[in-house]
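Counting starts at 1 for both ligands and their atoms, in listed order.
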Amino acid sequence: MKNKLLLAAALACLLNAAGAAELPRLASKDGRHALLVDGKPFLILGAQAHNSSNYPGALKPVWDAARDVKANTVLMPVAWEQVEPEEGKFDFSFVDTLVAEARKNNQRLVILWFATWKNTSAQYTPAWVKLDPKRFPFNIDREGKPNYSLSPLGDETLKADKKAFVAFMTHLKKIDSTQRTVLMVQVENEVGTYGLVRDFSAKAQAAFEQPVPAAVLARKKPVGAASFATSGTWREVYGDYADEYFHAWAIARYIGEIAKAGRAVYDLPMYVNNALRNPLEQPPKPWNKDFASGGPTWDVIDIYKAAAPALDIAAPDIYNAESAQVNANLALFQRADNALFVPEIGNAAIYARYLYAAIGRGALGVAPFGIDYFNYSNFPLGSTATDKTMVEPFARVFNMFAPVQRQWAQWAFEGRTRGAAEGDDRKPQTLEFPGWTAKLTYREWQFGEVAWKMTDKFPAGTEQPGGGVAIAQISDDEFIVIGQRTRVRMEPASGTQGFQLRVEQGRFDDKGRWVMERVWNGDQVDYGLNLPAEPVMLKVKMARAK
Ligand code: DGJ
């Protein structure tokens, strides 16, 4: 007993001497971003739990699924209704259990603060909020009737949500500032309002008639109209877009205040997630009941940046599996001032290939939604399965990145990585690197060329698009290729000559050293590098003709 106590005291001294782990934070350089964890870039291989899994008794199916999918981070809600069931009386016992169990299960956490808005509604607010609409007002429609969604101009609502969030962040700091199991916090969930463009209460109307704040004017230009005023009221500056933009500003300001107050006590990176508008509608039309008005859609990211500097990221939740939509969303949310992070993507198998596209582009991370063996399926958004078959398509991909996640995040931060997913049109694609182009083709057999017409059959399992590849250029002529169901040909930039010198199939060990398993040659390289259904990792050395 005495020895044990001595040991514990020695350990505590050591921890104090070594100090707490560094705070997770975002770093940006040359328009790229990294999530630094313990001071080094970290790639979130995420698993988001179902909406009702935020109770101690519900956690086991989450850890089981997170382990099976090879996640390193679980994204888990913490609800205002559960931490402050009675006003002013806080209960963080779930947070304690969550953090303790995450550590035992070797998972990091991203916590989702479900409060004033969850998918735009007030359903996760405590009963004392729900039952007091006078103090916590809803948006008011044009006829003067209350809408289902809380107003971002409710001062008491903001005060109460902020107080609960600050209490939560204070608690988190207390239990996690040594180990830093929690990496980021999402503030609210899919904010905005369906069916109503903004609050039309007297208070909101008065604010709407004020001049647009200078910070917004400085960032958000009117869509396609040189004729609009450069300053003035929302209507004068933004015309038909004014109501939506005003609502975005009001919501962003509200969440930004909450995030700022939370960060003042414990400065974790914070983000907001988005139920997307159609990214292919270009230029975007004024809101027409077709998405949640006021949410951080791609076209109002500038308004969020101006109104809520305490939020690091506006992040896309991807539930439309069309490849043109997914690619457009990834591109629109990846900006020099906005790191790409995908906190939700459908858990149906058809989405798995997009992990290559997101991770290859240099996302901070990606998390399929509903990775949790709770007996619930959100089909048709996601999979019908709730068992291991649901996680398998994602596990295959995460399994490839898990051993290189730190190295990959570093390469991505240096701008060395690219990625692609097979398109719905099944057509060839290219990825451009300095000096080299990766030509990608899909639905091919591993032997021979399609042009030879040796067969009119397609490989089994390619009825739906399933190919994907992520490539890192680790030195001028050397590449790490990770992928599945894709034929890759590395070709030198036009005007130069090059050839494939050596292709090794292998993996990285836990010390980050390359372990070669075999050299691909002969049939295995004569027709490009054919990545099979089961993902592989290749180290490809190209050479330039002298
Ligand atoms: C997006 C939301 O952010 C999630 O919490 C969840 O409701 C999914 N939609 C649907 O399952």
Side-chain angles (χ1 to χ4, degrees), residues 44 46-55 58-59 61-62 65-66 69 71 73-82 98 109-125 148-150 184-195 251 255 270-279 290-298 304 311 313-322 325-326 329-330 333 340-352 354 358 365-386 390-391 394:
I44 292 183
Q48 182 156 162
H50 280 300
N51 290 168
S52 308
S53 297
N54 52 321
Y55 289 86
L59 288 176
V62 176
V69 83
T73 305
V74 165
L75 288 76
M76 172 66 74
V78 166
W80 187 6
E81 66 174 356
Q82 81 185 125
L98 174 68
L109 291 167
V110 169
I111 291 188
L112 321 174
W113 177 244
F114 283 11
T116 302
W117 298 288
K118 156 67 176 81
N119 296 17
T120 76
S121 100
Q123 67 196 113
Y124 281 86
T125 60
Y148 72 95
S149 183
L150 288 167
M184 289 209 279
V185 177
Q186 176 188 296
V187 193
E188 314 293 342
N189 189 85
E190 292 198 348
V191 300
T193 308
Y194 288 107
I251 294 179
I255 311 176
M270 295 197 185
Y271 73 94
V272 62
N273 63 333
N274 180 228
L276 305 167
R277 67 177 293 165
N278 180 355
D290 44 349
F291 57 92
S293 175
T297 51
W298 69 268
Y304 270 73
L311 290 174
I313 305 172
D317 291 348
I318 298 180
Y319 288 100
N320 183 322
E322 266 175 48
Q325 293 251 348
V326 177
N329 280 317
L330 294 178
F333 281 84
L340 179 63
F341 174 55
V342 184
E344 295 182 35
I345 186 165
N347 66 1
I350 195 77
Y351 289 98
Y354 295 122
V366 52
F369 177 87
I371 301 297
D372 175 347
Y373 296 141
F374 176 38
N375 192 12
Y376 177 86
S377 137
N378 70 354
F379 177 84
L381 291 189
S383 173
T384 51
T386 59
M390 172 261 295
V391 306
F394 299 90

_No-hydrogen, no-angle side-chain donor-acceptor test under 3.5 Å, Asn274 and Asp317_ = no

*Can you spot which of Glu190, Glu344, Glu188 makes a side-chain hydrogen bond (donor to acceptor under 3.5 Å, both in side chains) with Asn273?*
Glu344

*By ring pair (Phe, Tyr, Trp, His ring centres under 6.0 Å), which residues pair with Tyr271, not counting sequence neighbours?*
Phe341

*Only counting residues at least two apart or in another chain, list the ones meeting side chain to side chain contact (heavy atoms under 4.5 Å, CB included) with Ser383.*
Asn347, Ala385, Met390

*Is there a side-chain contact between Tyr373 and Thr386 (heavy atoms, below 4.5 Å)?*
no

*asked:* With a 4.0 Å heavy-atom cut-off, what residues sit around ligand 1?
replied: Asn51, Lys118, Asn119, Asn189, Glu190, Asn273, Asp317, Tyr319, Glu344, Phe369, Asn378, Leu381

_Under the rule for side chain to side chain contact (heavy atoms under 4.5 Å, CB included), what residues qualify as partners of Asn320, not counting sequence neighbours?_
Glu322, Gln325

